[in-house]
Amino acid sequence: MDRVPSHPVLSCAAAKAWEAGRLPDEAAEWQAMQRAGLALAAAITEDFKEIGGLPADARILVLVGKGHNGGDALLAARALLTAIPAATAEVVFCFGETTLRPLAARALADLRSSVGPRAATRLVAKGAPGLLAPGYALCLDGIFGFQFRPPMDDATADLIHAVNAHPAIRFRAAVDLPSGVGETNAPTVFRADFTYATGIVKQPVLLSAAAASVGRLRYLDLGFFDPVAKLGGPGCPGSASPATDYVLTQDILAPLAALRSSQTDKRTFGHLLVVGGSRSYPGAVVLAVRAALRSGAGLVTAFVPERLAPEYAARHPEAMWVGCPETAAGGLAGGTVDLIQARQSRATAMLMGPGMSAEPEVIETMVAIGRMSAIPLVLDADALRPEVLAAAQGRSVVCTPHAGEYERIGGRAGLRPASGSGDVVTVLKGPLTRIVSNSGGSETGPTYYSPFGGPVLARGGSGDILAGLIGGLLAQSPADPLLAACRGVVWHGRAADLLARARGQVAIELSETLEQLGPALHP
Ligand SMILES: NC(=O)C1=CN([C@@H]2O[C@H](COP(=O)(O)OP(=O)(O)OC[C@H]3O[C@@H](n4cnc5c(N)ncnc54)[C@H](O)[C@@H]3O)[C@@H](O)[C@H]2O)[C@@H](O)CC1
């Protein structure tokens, strides 16, 4: 099995210890801070495109504490003001300019020397919230980073309250962690639209208690880790044991962006069977098949109710469409099982579930297919039922539930579905999608988090496309369901990000993400 390209998530204390070993002197810390500032500015510029891009006269509010978190924010502001000649910044020092740690003071000096009076500075004082301007394009939160310890002083809490309540800040960006989030959270926390983890994702941003304050999590890779670094390996002082949480990186897509060998034919890239569709939900399986066709899989065969097959075949002739016996309500009847069995030996993976409906006879069909299947399975949507999972017990299975489906299959807080033994990979879809594998029934696999995608995906059809992608990837690497699942999630999220940047979050149809799958492979 390939390892999953990802970087470890650390506690604040472990990140501090790690940083002490990796950044041994001020020169190394300054370099890291500069990389962080540039990476922040670049990432914010990209994400801002979802709401039309940073305006030419952007007014930026920069909240600065004493530490390096503030230094990162100041260097990000410097990069943004350098790139946008008419932009201005207001820098607010929560504890006064004289309290800045040396590198934060150096970042401020850099900002001033680079953009002069376009960066106005002031100290937060009692009543300061009233001094906020009527509107800002961007607020950068650099008050506290991973060294935050409660309590928070009243003036800072008042400022954060005022910024949170401000009606005209278009984009709120937290540097590393939202101020007030840490090993112990403060009662007052900066509410970010995006949180940009610098160099290392710190555990508190993954906790559900912080989710609303973190907004969308982004990971800025500053080059601290090898693509599949495990703690305890070379260059990772501070802990002897591997991390339990990992953040997925774009590197996972690299094999899909590389040249394919010339010595190949369609069978080299796997054969996915897709089982789905019903008279009530005819569209889902089409989306899944279209995504599978774009996953790079060599062959896709779809089993759908016979009345739907001719039209689907006319619209998407690249797939092989097999019309199957229907129930009275237009779902897949039991005879479907024999049709699949006849073709299974030539396939490498199967996706079952999109648009199948919850008709009792259809559920019986799904159970029979689960029992009969001899190839790795992706179970999505209507196939996410305890009885279907039980029927597939012992097989390699990827489940792709949202929170409701997860509950239905007996998932618990620890992301372990009630599936018994076998390799089960669970993709728990949500604002921060997480993937876990309980290979061989063990309860110990790490959890992988995807810092890609956003609310543009919160629409019907999103899961069908993801399931089709994962199915197509699984068909290409049937021995590694975890890799296929993680790769599919990253690819899907990244395509959604590109779509939102190109077309906004609102006036789109989700099938447009299919057009972004190609561009999404390239950083
Ligand atoms: N390895 C990494 O992860 C990197 C971290 N960087 C940034 O550096 C940050 C860490 O920098 P620092 O170590 O300076 O820590 P912080 O930026 O979190 O600042 C800590 C300062 O705030 C003070 N403080 C903590 N709680 C307080 C409270 N309740 N009231 C008043 N003051 C309080 C501390 O005494 C200390 O002086 C990270 O969060 C990140 O933003 C980057 O520069 C790049 C590399």
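Both backbone and side-chain heavy atoms feed into the values below; hydrogens, waters and symmetry mates do not. In each ligand, atom 1 is the first atom listed, and ligand 1 is the first ligand listed.
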Value for SG (Cys486) from CG (Leu473), rounded to nearest 0.5 Å, stands at 11.0 Å

Measure the distance from atom 5 (C) of ligand 1 to every protein heavy atom, then report the residue, atom name and distance (to 0.1 Å) of the closest one. Glu19 OE1, 3.8 Å

Proximal ligand 1 atoms for Lys202, defined as those under 4.0 Å from one of its heavy atoms: 3 (O)

Those atoms of ligand 1 less than 4.0 Å from some heavy atom in Gly67: 14 (O), 17 (O), 19 (O)

Is it the side chain (CB and beyond), the backbone, both or neither of Pro151 that lies under 4.0 Å from ligand 1, heavy atoms counted? backbone

Nearest protein heavy atom with distance in Å, relative to atom 33 (C) of ligand 1: Phe144 CE2, 3.5 Å

Tell me which one of Phe224, Phe95, Trp30, Trp18 gets a heavy atom nearest to atom 31 (C) of ligand 1. Phe95

Under a 4.0 Å N-O cut-off, is there an ion pair linking Arg191 with Asp141? no

In plain terms, say whether Glu19 and Lys16 are close enough for a salt bridge, that is, a side-chain N and a carboxylate O under 4.0 Å apart. no

Could you say whether the N/O atoms of Phe146 and ligand 1 ever approach to under 3.5 Å? yes

N or O pair under 3.5 Å between Asp153 and ligand 1: no

Quick one: look at Thr198 and ligand 1, take heavy-atom pairs under 4.0 Å, and tell me if it's side chain, backbone, both or neither. both

Ligand 1 versus Lys16, non-hydrogen atoms closer than 4.0 Å: side chain, backbone, both, neither? neither

Closest approach of any protein heavy atom to atom 20 (C) of ligand 1, naming residue and atom: Gln147 CB, 3.5 Å

Atom 9 (C) of ligand 1 has as its nearest protein heavy atom Asn69 N, 3.6 Å

Under 4.0 Å between heavy atoms, the region of Lys66 that gets near ligand 1 turns out to be side chain

What I want to find out is whether Glu50 reaches Arg216 closely enough, with some N-O distance under 4.0 Å, to be called a salt bridge. yes

Are Arg294 and Glu515 close enough for a salt bridge, meaning some N to O gap below 4.0 Å? yes

Atom 8 (O) of ligand 1 has as its nearest protein heavy atom His68 CB, 3.1 Å

Below 30° counts as parallel, above 60° as perpendicular, anything between as tilted: where do the rings of Phe194 and Tyr196 land? parallel

Can you tell whether the side chains of Arg218 and Asp497 come within less than 4.0 Å, N to carboxylate O? yes

Mark up the atoms of ligand 1 that fall under 4.0 Å of a heavy atom belonging to Gly145, in ascending order. 16 (P), 17 (O), 18 (O), 39 (O)

For ligand 1, which is the ligand I care about here, please tell me if Gly70 has any N or O atom under 3.5 Å from one of the ligand's N or O atoms. no

Write out the residue and atom name of the closest protein heavy atom to atom 40 (C) of ligand 1, then the distance separating them to 0.1 Å. Asp176 OD2, 3.3 Å

State whether a side-chain donor-acceptor pair under 3.5 Å links Thr156 with Asp153. yes

Where is the nearest protein heavy atom to atom 43 (O) of ligand 1: which residue, which atom, and how far? Asp72 OD1, 2.8 Å

Heavy-atom protein contact below 4.0 Å for atom 25 (C) of ligand 1: yes

salt_bridge(Arg112, Glu97) N-O dist < 4.0 Å: yes

Salt-bridge test for Asp245 and Lys202: reply yes if a basic N is under 4.0 Å from a carboxylate O, no otherwise. no

Below 3.5 angstrom, do we get any N/O pair linking Ile143 and ligand 1? no

Among Tyr246, Trp18, Tyr219, whose ring-ring contact (aromatic ring centres under 6.0 Å, His included) with Phe225 holds? Trp18

At the 4.0 Å heavy-atom cut-off, does Gly199 count as touching ligand 1? no

Which residue supplies the protein heavy atom nearest to atom 12 (P) of ligand 1, what is that atom called, and how far is it? Arg101 NH1, 3.2 Å

Looking at Val189, Thr195, Leu432, Leu177, which one forms a side-chain contact (heavy atoms from CB on, under 4.5 Å) with Val214? Thr195

Minimum side-chain heavy-atom gap Cys94-Phe144 below 4.5 Å: no

